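Here the structure is a predicted model, which means the values were calculated and not measured. Count residues from 1 along the sequence.
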Amino acid sequence: MGGINPDLVISHQFPETTYQYSERDAALYALGIGACGKDAVDTAELKYVYHEDGQQFIKVLPTFGALLSLEFLPKISTIPGMEYDPQLLLHGQQYIEIYRPIPSAGCLQNKTSIAGLHDKGKAAIIEIETLSYDKESGQSICMNRASLYLRGAGGFSKSPKNPFSYSKDLTKQVPVVQIPDSEPFAVFEDSTQPPQALLYRLSGDYNPLHSDPTVAKVAGFSRPILHGLCTLGFGVRAVIRCICKGDADMVKSISGRFLLHAFPGETLITEMWLAGLRVLYQVKVKERNRPVISGHVDIHRFSSEL
């Protein structure tokens with residue numbers, strides 16, 4: 001038996017929390033994922049950081065919703081029945097459903113629950129789901145599901161022949177994206193900046209792996225790496241720009257599977273394929289020609305300009 005007690009874990013109830021943010025937070029996040037990084041007056045992206053009628057009118061990128069799940073990730077180790085080495089935790093996948101455009105400022109109520117727990121032999125996967133809704137109106141805004149890969153924490157099933165697997169809702173399982181062999185429908189190249197991780201961390205992810213050279217070297221990296229959710233933001237921005245023609249409200253849901261790290265300062269190439277109202281995408285690091293994230297973006301409709 002391993003250090004995980006599945007009965008205790010899946011019965012755990014998280015307390016509800018609130019997340020209050022301002023237009024400044026939304027704009028800082030947009031800069032953190034590269035908006036206006038090449039052109040400070042880019043007409044396609046200036047709306048994420050500035051509006052001539054006031055900051056309350058700026059648009060919020062849909063991946064801003066991923067920030068709402070951050071506060072619970074460090075608390076995984078406090079769940080009764082969860083015994084694992086935090087240094088061996090990997091963020092495997094992020095899934096986001098957008099129910100209505102995220103307001104430029106507000107106070108959101110978060111309901112968090114255990115959405116899944118799976119014994120993979122030498123490792124375990126735990127899925128944390130956060131439903132966020134407007135505190136004043138009660139309207140649902142978005143849902144996040146973070147899948148965390150816990151190396152060395154598997155083997156807790158009663159029978160190795162019947163590994164433990166729990167999913168709260170089987171209808172919401174996100175399949176692994178198969179990237180087509182065909183030429184992509186669209187390709188977008190973007191450059192991260194050397195301080196990209198230092199800027200992105202100001203949105204709430206203060207893991208020293210992304211800022212402290214010593215911590216990065218202990219983890220096996222030559223220098224601090226870029227946040228996976230920052231890379232996800234770059235990829236989804238490319239989809240909004242190329243497929244949605246700048247209309248972020250067209251995004252219905254987002255999935256991103258983290259494959260490899262990227263370093264701040266590297267060039268990211270996002271390749272996109274159309275599959276009905278689903279955009280399959282893959283983000284590669286140009287300098288190493290390695291994919292770092294893949295997934296899909298479901299959209300409500302196609303732009304008339306496409």
Side-chain angles (χ1 to χ4, degrees), residues 10 62-63 65-66 69 73 76 84 88-98 113-130 142-155 157 162-188 225-240 242-243 251-262 268-285 288-299:
I10 64 176
T63 47
S69 65
L73 300 189
I76 303 303
Y84 68 96
L88 298 180
L89 182 151
L90 296 173
H91 193 166
Q93 183 169 288
Q94 189 81 12
Y95 175 69
I96 310 168
E97 289 183 352
I98 306 295
S113 60
I114 305 295
L117 180 65
H118 314 279
D119 187 347
K120 296 296 183 180
K122 293 183 179 181
I125 294 176
I126 186 169
E127 298 170 89
I128 308 296
E129 185 174 292
T130 302
C142 64
M143 184 274 288
N144 274 274
R145 190 183 305 118
S147 298
L148 308 175
Y149 190 80
L150 310 175
R151 292 173 290 170
S157 303
N162 188 25
F164 183 88
S165 184
Y166 161 79
S167 294
K168 185 174 74 171
D169 188 346
L170 290 172
T171 65
K172 290 188 176 181
Q173 294 303 298
V174 181
V176 175
V177 168
Q178 298 295 324
I179 297 300
D181 294 327
S182 59
E183 288 293 314
F185 177 83
V187 179
F188 184 73
I225 63 174
L226 199 60
H227 305 70
L229 288 177
C230 180
T231 309
L232 176 67
F234 269 83
V236 175
R237 263 186 52 243
V239 172
I240 292 170
C242 298
I243 306 299
V251 174
K252 182 179 179 182
S253 65
I254 299 161
S255 80
R257 185 166 175 252
F258 305 112
L259 308 173
L260 190 67
H261 63 278
L268 301 179
I269 297 176
T270 302
E271 301 172 325
M272 296 156 263
W273 294 262
L274 300 183
L277 290 176
R278 172 164 290 183
V279 182
L280 307 178
Y281 74 91
Q282 176 176 258
V283 180
K284 288 182 176 179
V285 169
R288 291 179 282 141
N289 193 31
R290 299 285 300 276
V292 293
I293 187 171
S294 65
H296 75 260
V297 176
D298 286 345
I299 59 178

Original post:
When you look at Phe185 and Ile243, which way does the side-chain contact (heavy atoms from CB on, under 4.5 Å) test go after all the steps?
Top reply: CA-CA 9 Å; Phe185 177 83; Ile243 306 299; 3.7 Å; yes

Original post:
Leu274 and Val279: side-chain contact (heavy atoms from CB on, under 4.5 Å), yes or no, with the steps?
Top reply: CA-CA 5 Å; Leu274 300 183; Val279 182; 4.0 Å; yes

**OP:** Assess whether side-chain contact (heavy atoms from CB on, under 4.5 Å) is satisfied between Leu117 and Phe164, documenting all intermediate values.
**Re:** CA-CA 8 Å; Leu117 180 65; Phe164 183 88; 3.9 Å; yes

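Of all heavy-atom pairs spanning Ala186 and Cys242, the tightest one is CB-CB, 4.2 Å. Minimum heavy-atom separation, Gly65 to Cys142: CA-SG, 4.2 Å. Minimum interatomic distance between Ser165 and His118 (heavy atoms only, all atoms of both residues): OG-ND1, 2.7 Å. Across all non-hydrogen atoms, the minimal contact from Ile96 to Ala66 is CD1-CB, 3.9 Å.
A 4.5 Å side-chain heavy-atom check between Met272 and Pro184 finds every atom pair outside the cut-off. Using a 4.5 Å heavy-atom threshold, the side chains of Tyr149 and Gln93 count as separate. At least one side-chain heavy atom of Pro62 sits under 4.5 Å from a side-chain heavy atom of Ile240. For the pair Thr270 and Val187, the minimum side-chain heavy-atom distance is 4.5 Å or more. When side chains are defined from C-beta on, Lys252 does not count as touching Leu277, because their heavy atoms never get closer than 4.5 Å. Val251 places none of its side-chain heavy atoms less than 4.5 Å from the side chain of Val239.
To the nearest 0.5 Å, atom NE2 of residue His296 and atom CH2 of residue Trp273 are 15.0 Å apart. Rounding to the nearest 0.5 Å places CD1 of Ile114 at 10.0 Å from CD of Glu127. How far CD1 of Ile76 is from CD1 of Ile128: 3.5 Å, rounded to the nearest 0.5 Å. To the nearest 0.5 Å, the span separating CD on Gln94 from OG1 on Thr231 amounts to 12.5 Å. If you take CD1 on Ile10 and OG on Ser167, they are separated by 10.5 Å, rounding to the nearest 0.5 Å. Atom CD1 of Ile225 is separated from atom SG of Cys230 by 11.5 Å, given to the nearest 0.5 angstrom.
Residues satisfying the side-chain hydrogen bond (donor to acceptor under 3.5 Å, both in side chains) criterion with Tyr281, sequence neighbours excluded, are absent altogether. Partners of Leu89 by side chain to side chain contact (heavy atoms under 4.5 Å, CB included), not counting sequence neighbours, listed by chain and number: Tyr84, Leu148, Leu150. Leu259 is linked by a side chain to side chain contact (heavy atoms under 4.5 Å, CB included) to Arg257, Pro291, Ser294, counting only residues two or more places apart in sequence or in another chain. When the side-chain hydrogen bond (donor to acceptor under 3.5 Å, both in side chains) test is applied to Ser253, the partners found at least two apart in sequence or on another chain are Asp298. Here Arg290 pairs with nothing under the salt bridge (charged side-chain N to carboxylate O under 4.0 Å, His left out) rule; sequence neighbours left out. Applying the ring-ring contact (aromatic ring centres under 6.0 Å, His included) criterion to Phe258, with sequence neighbours excluded, gives His91. In this structure, the side chain to side chain contact (heavy atoms under 4.5 Å, CB included) partners of Thr63, at least two apart in sequence or on a different chain, are Tyr29, Ile33, Leu61, Leu232, Val236, Ile254. In this structure, the salt bridge (charged side-chain N to carboxylate O under 4.0 Å, His left out) partners of Lys168, at least two apart in sequence or on a different chain, are Glu129. When the salt bridge (charged side-chain N to carboxylate O under 4.0 Å, His left out) test is applied to Arg151, no partner is found at least two apart in sequence or on another chain. In this view, Asn289 and Lys284 satisfy the side chain to side chain contact (heavy atoms under 4.5 Å, CB included) rule, not counting sequence neighbours. Annotation: side-chain hydrogen bond (donor to acceptor under 3.5 Å, both in side chains) contacts of Glu271 (sequence neighbours excluded): Gln282. Partners of Asn162 according to the side-chain hydrogen bond (donor to acceptor under 3.5 Å, both in side chains) rule, which considers only residues two or more places apart in sequence or in another chain, do not exist here.
The main-chain N or O of Gly155 is found under 3.5 Å from a side-chain atom of Asp119 such that the two form a donor-acceptor pair. The main-chain N or O of Ser69 is never found under 3.5 Å from a side-chain atom of Asn144 such that the two would form a donor-acceptor pair. Side-chain N or O atoms of Asp169 include none that pairs as donor or acceptor with a backbone N or O of Ala115 at under 3.5 Å. Between the side chain of Ser255 and the backbone N or O of Gly295 there is no donor-acceptor pair closer than 3.5 Å.
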